[in-house]
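Here the structure is a predicted model, which means the values were calculated and not measured.
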Amino acid sequence: MDWESWVVSTLNRALAYGTPLLWGTLGEIYAERAGVVNLGVEGMMILGAFSAFAVAQSVGDPWLGLLAAAVVGAGAALIHALFTVTLRANQYVSGLALTIFGLGFSGLLGARWVGIPLANPLPKLTVPGLSQLPVLGPALFQNQSYLTYIGLFLAVVLWLVLYKTRWGIVIRSVGESPATADALGVNVFLVRYLCLAFGGAMAGVAGGFLSVEYRPAWTEGMTAGTGWIVIALTIFAAWNPLRAVWGVLLFSGLYHLAYRLQAWFPPEFLKLMPYAFAILVLAIAGLRGARQLAPGALGIPYTRGEK
Amino acid sequence: MRKAIIGAVLVVMAGLLVGAQEEIVAGFIYVGPIGDLGWTYAHDYARRLVDEEFDWLTTMYVESVAEGQEGAIIDRLVAQGCNVIFTTSFGFMDGTIEAAARHPDVIFGHCSGFKRAPNSMSYMADFYQVYYLNGLMAGALTETGKVGYVGAFPIPELKRHINAFTIGVKEVNPEAEVHVRWIYSWYDPGAAKEATEALIAEGCDVFAFTEDSPTVIQVAAEHALPSFAHYSPMLEFAPEYVVSGQLVHWEAIYRDFLLKVHQGIYTTTNLQHVDYWWTLPQGAVELGADFGVAINPVWEDELKAYVIQHPVFGDISVYDLVFIRLSQFADPGITFDPFQGPLYDRKGNLVVPEGMWLSYESLITMEWAVDGVVGPWPGEPEG
């Protein structure tokens, strides 16, 4: 057993397994930064997984499949927006309903696509030059997904937008204090709609990644709870796109390691490890006052004219 | 001729007396979605086959039923007119037996358990012989001497399958090991993928699994490594890399049982000892990654070129050995079983003495790991 194989497989798998988690988490961060919790991530992901597969298989282009996933994910999120932003329904209930709807509806539509492998999965990417580096080459630059690098790039861009631009200030103020933002002339409803739609598109692509690249096939319920991990990682990342990268890589690295370590440690314990670790970090963050990190108006429907 | 007619009349009358079911409405209760391409998919595929085959049969099903919810669903199906109900998850066992007492006029079948009632039988199509045959091929194909196995849960069913598989591997390749990883889920493509990647990182180069998706096959193929399919036809998920696999024919059991209910042979009073434990000879399972393809032709040459010195058959290729064993299994006068002594567990204890076979009871309660299994084995006997 050589240390190289451990470093390589852990990093390589952390990036691969973490890619859908990263896309989903970045999307949810924007939705929650605008003040709306969306527990429908799992539902939007599975709808994305299904539409990506169906379109990729029918049209023959996995990229078009991912585009379809983004559109469908955004569409599903707009339903959530309609209920929670315009109709001021309970955000948690509406999100759960979206998840249940997504799982059921995709299963219904997807019945005839079960048992068929995707003819043309998304190609893998081996970065010329960098992939020849010792250890880091195979760990980070061989057989990776385009979506992995795009996701990392997006994390940086989204962080810049959120903290260094006027748009970012608008989004954050809508999530912190919608009444103040409204008084300053910001269209709170529009911002929330847009952020939710963006989050939905990201979740859709995350699901699409699963069905056109990670495991190129469609089966019912194939997201298998990934959407819930996204919601936990959003809190774990303290609603910060860059911290999301570390959170996702940590979680995914541990997730992979759990299977390598099974030879030495009880598998029940290892299966628990990434989740236990996440809870531990959340607890520590809570003690150190992470509560203040959450957007002030998170989960509260906004009504004009009320204080 | 007259005797035959009288006999036929008597059979029909007897049937009427004990309650033969002219029209059967069969309800199926599934634990997963019918689109899982695994366990539930296979049961539902069989349901559709028998539904088409018998015009006196109508069927209905309820999918994705959580364990513990089966009682209410059974009541609903009875209210909808079902007179035969199949429950297809181990966790439905107690609920089924309770429901059988509540509905004495309804016939029940519970899959993969061991409890029965006068109106409730048990049934299972088991793969251990097929896993052994897959093991023979895996042992021939591994170059690193490490075969990978991704398992769902460490329960007797999987332990029996992994042991049978390992016995096959070691029969043709005594130095080889079978490395096991558990994912603690029947259906979790992400977990199955990462477990496979972990095994690949540790040097495994041939793969088998028990989990309800084609994930392991697809991951192995990405690394250009051979694998064995599980449960459903998965050949087209990696036509170049899937060697063989295990296929189920639940319809064999459903056909036999429903026909006997229809004929009045099985009734609401005589099922206490009816236990279908069907394997290769009854046609409930099949060797292959697709129906009718026992071994993928792509791998034929390699398996024919791997010749071993077998204690019984002398110089023989693994390809031929697989088919000899297959015909032995199909022989109604059973002449071979993978679990025949002497067999040692991996701690060195003699588990099956020379000249002995394992009983059905020992097979379905198996906890020990055979010599050659590497990796965690929760529930392994001490000593």
Side-chain angles (χ1 to χ4, degrees), chain A residues 1 4-6 8-10 12-14 16-17 20-21 49-50 103-104 106-119 121 124 143 210-211 214-226 229 252 255-272, chain B residues 32-38 40-42 44-45 63-64 148 150-151 153-154 179-203 212-219 221-223 232-239 242 374-379:
Chain A
M1 177 190 6
E4 244 184 77
S5 126
W6 284 78
V8 168
S9 94
T10 305
N12 188 290
R13 298 317 306 162
Y17 183 77
L21 296 176
F50 165 69
L103 288 168
S106 62
L108 187 69
L109 293 182
R112 74 186 194 87
W113 301 95
V114 170
I116 315 164
L118 183 63
K124 298 249 189 258
N143 287 322
L210 294 175
S211 67
Y214 184 74
R215 196 199 53 128
W218 161 255
T219 33
E220 232 179 298
M222 62 181 291
T223 44
T226 319
I229 298 170
S252 314
Y255 191 85
H256 171 78
L257 267 182
Y259 290 107
R260 292 214 62 182
L261 291 170
Q262 269 198 15
W264 297 277
F265 296 100
E268 299 94 331
F269 164 73
L270 291 167
K271 180 86 185 166
L272 203 87
Chain B
I34 57 171
D36 66 358
L37 198 68
T40 296
Y41 180 86
D44 196 61
Y45 182 76
E63 60 180 326
S64 299
V150 176
F153 289 96
H179 289 244
V180 181
R181 290 291 179 274
W182 305 103
I183 62 171
Y184 286 87
S185 172
W186 287 114
Y187 178 68
D188 186 343
K193 175 149 183 165
E194 296 312 318
T196 312
E197 293 281 1
L199 287 165
I200 290 172
E202 272 155 43
D212 285 343
S213 81
T215 307
V216 175
I217 285 175
Q218 290 186 295
V219 177
E222 275 177 25
H223 294 263
S232 293
M234 295 179 174
L235 183 59
E236 59 173 318
F237 281 86
V242 176
V374 178
W377 202 261

List the atom of [X], the atom of [Y], and the distance in Å for their closest heavy-atom pair.
X         : Y         : result
Pro378(B) : Pro267(A) : CG-CG, 3.9 Å
Tyr259(A) : Trp182(B) : CE2-O, 3.5 Å
Val180(B) : Gln262(A) : O-OE1, 4.2 Å
Leu37(B)  : Gly115(A) : CD1-CA, 3.6 Å
Pro214(B) : Arg215(A) : CD-NH1, 3.2 Å
Arg260(A) : Arg181(B) : O-NH2, 3.7 Å

Between CG of Asn143(A) and NE2 of His223(B), what distance do you get to the nearest 0.5 Å?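 These two atoms lie 7.5 Å from each other.
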*Measuring from Glu194(B):CD to Ser252(A):OG, what's the distance to the nearest 0.5 Å?*
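Going from the CD atom of Glu194(B) to the OG atom of Ser252(A) covers 8.0 Å.
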Per-residue contact mode, Ala263(A) against chain B (heavy atom under 4.5 angstrom):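 Both backbone and side chain.
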So, the part of Pro20(A) with a heavy atom under 4.5 Å from chain B: the answer is neither
**OP:** Against chain A, label Ile183(B) side chain, backbone, both or neither, depending on which of its atoms sit under 4.5 Å from a heavy atom there.
**Re:**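 The answer is both parts of Ile183(B).
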Turns out that what part of Thr215(B) lies under 4.5 Å from chain A's heavy atoms comes down to both
With sequence neighbours left out, the residues meeting salt bridge (charged side-chain N to carboxylate O under 4.0 Å, His left out) with Glu220(A) are none
Max heavy-atom pairs within cutoff under 4.5 Å with chain B, candidates Tyr17(A), Tyr214(A), Trp113(A), goes to Tyr214(A)
Practice prompt. Heavy atoms only, distances under 4.5 angstrom: which of Thr226(A), Ile116(A), Leu210(A), Val8(A) has the most pairs with chain B? Name it, please.
Written response: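 Option with the top pair count is Ile116(A).
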Heavy-atom pairs under 4.5 Å with chain A: which of [options] has the most?
options                         : value
Gly375(B), Ala238(B), Pro376(B) : Pro376(B)
Glu63(B), His179(B), Glu222(B)  : Glu222(B)
Ala192(B), Gly38(B), Gly190(B)  : Gly190(B)

Margin query: Could you tell me if the side chain of Gln218(B) sits less than 4.5 Å from the side chain of Pro216(A), heavy atoms only?
Written below: yes
Does any part of the side chain of Met222(A), heavy atoms only, come nearer than 4.5 Å to the side chain of Ser213(B), both counted from C-beta?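 Ser213(B) vs Met222(A): side chains apart.
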query = Between Tyr187(B) and Thr219(A), does any side-chain donor sit less than 3.5 Å from a side-chain acceptor?
reply = yes
Around atom OH of Tyr184(B), are there more than 12 heavy atoms of other residues, nucleotides or ligands at under 6.0 Å? yes
